[in-house]
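First the structure, in the form of structure tokens, and then the observations on it.
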Amino acid sequence: MTPVAQTQQRGIILSEAALRQVKSLQAQQGQDLCLRVGVRQGGCSGMSYMMDFEDLSKITPQDDVFDYDGFKIVCDRKSLLYLYGLMLDYSSAMIGGGFQFTNPNASQTCGCGKSFGV
């Protein structure tokens, strides 16, 4: 996992592989979108990660925005309490591939890696 070079403190850290993948997915959408990352109640361990592309116009003053060479990651402040320091990585492996979350705030994680407890 190689983090993208940081020019400022970021609450959510992307590996180079994750940044390449989200930029590729964004290009397929054909729009200038940001990636919203957050948490919601549910999942095997109590909370589950969520992420989806969103129009830049939906960014609110209650959001923190992290810039990665022009690509924006957005997280609401309530979710950021649970995600601060999160490392988002991506693997293209056929088994166990996809986005992977490494959350320093999680006291337990589900085997699928998409759910956590605090």
Side-chain angles (χ1 to χ4, degrees):
M1 223 179 322
T2 307
V4 175
Q6 293 183 301
T7 57
Q8 61 183 1
Q9 183 69 17
R10 295 185 179 125
I12 297 175
I13 303 162
L14 283 182
S15 70
E16 291 179 18
L19 182 59
R20 276 192 307 273
Q21 183 64 20
V22 294
K23 282 185 169 184
S24 173
L25 292 169
Q26 177 198 34
Q28 291 173 21
Q29 301 283 325
Q31 301 175 31
D32 191 18
L33 303 170
C34 61
L35 180 68
R36 180 167 292 277
V37 178
V39 297
R40 63 178 163 220
Q41 296 286 28
C44 313
S45 299
M47 302 186 99
S48 60
Y49 299 106
M50 54 162 256
M51 52 181 217
D52 202 0
F53 287 110
E54 180 173 273
D55 190 84
L56 294 168
S57 66
K58 294 188 178 180
I59 297 173
T60 71
Q62 291 76 39
D63 292 322
D64 281 321
V65 180
F66 307 104
D67 188 87
Y68 286 87
D69 302 323
F71 181 79
K72 295 183 179 7
I73 294 184
V74 179
C75 185
D76 67 275
R77 292 193 179 127
K78 186 176 178 183
S79 291
L80 195 57
L81 292 172
Y82 299 102
L83 297 179
Y84 194 85
L86 174 80
M87 169 62 107
L88 183 60
D89 195 14
Y90 181 80
S91 169
S92 59
M94 292 184 74
I95 296 176
F99 287 101
Q100 297 153 354
F101 303 88
T102 304
N103 187 346
N105 305 298
S107 61
Q108 60 183 4
T109 57
C110 180
C112 69
K114 308 299 182 215
S115 170
F116 70 102
V118 289

Whether F53 and F71 hold their rings parallel, tilted or perpendicular, with breakpoints at 30° and 60°: perpendicular
Inter-residue atom distance I73.CD1 - L19.CG, 0.5 Å rounding: 7.5 Å
Residue pair Q62 / D76, side-chain heavy-atom distance below 4.5 Å: no
Residue pair V22, Y90: steps toward the side chain to side chain contact (heavy atoms under 4.5 Å, CB included) verdict: CA-CA 9 Å; V22 294; Y90 181 80; over 6 Å; no
Heavy-atom pair of closest approach, residues R36 and I59: NH2-CA, 4.3 Å
Which atom of Y84 lies closest to which atom of P104, heavy atoms considered: O-CG, 3.7 Å
Side-chain touch N103/Y49, heavy atoms, less than 4.5 angstrom: yes
L33 CG to K72 NZ distance, which is reported to the nearest 0.5 Å: 12.5 Å
Closest heavy-atom pair and its distance - G38, S79: CA-OG, 3.6 Å
Close side-chain approach of D63 to L80, heavy-atom, < 4.5 Å: no
Any side-chain heavy-atom pair of M51 and L88 under 4.5 Å: yes
Under 3.5 Å donor-acceptor, R10 side chain and D67 backbone: yes
Close side-chain approach of K23 and D69, heavy atoms under 4.5 Å: yes
From CZ (F101) to OG (S48), nearest 0.5 Å: 9.5 Å
Test item: D89 and F99 side chains (from C-beta on) under 4.5 Å apart, heavy atoms: no
Side-chain heavy-atom pair Q29, L25 within 4.5 angstrom cut-off: no
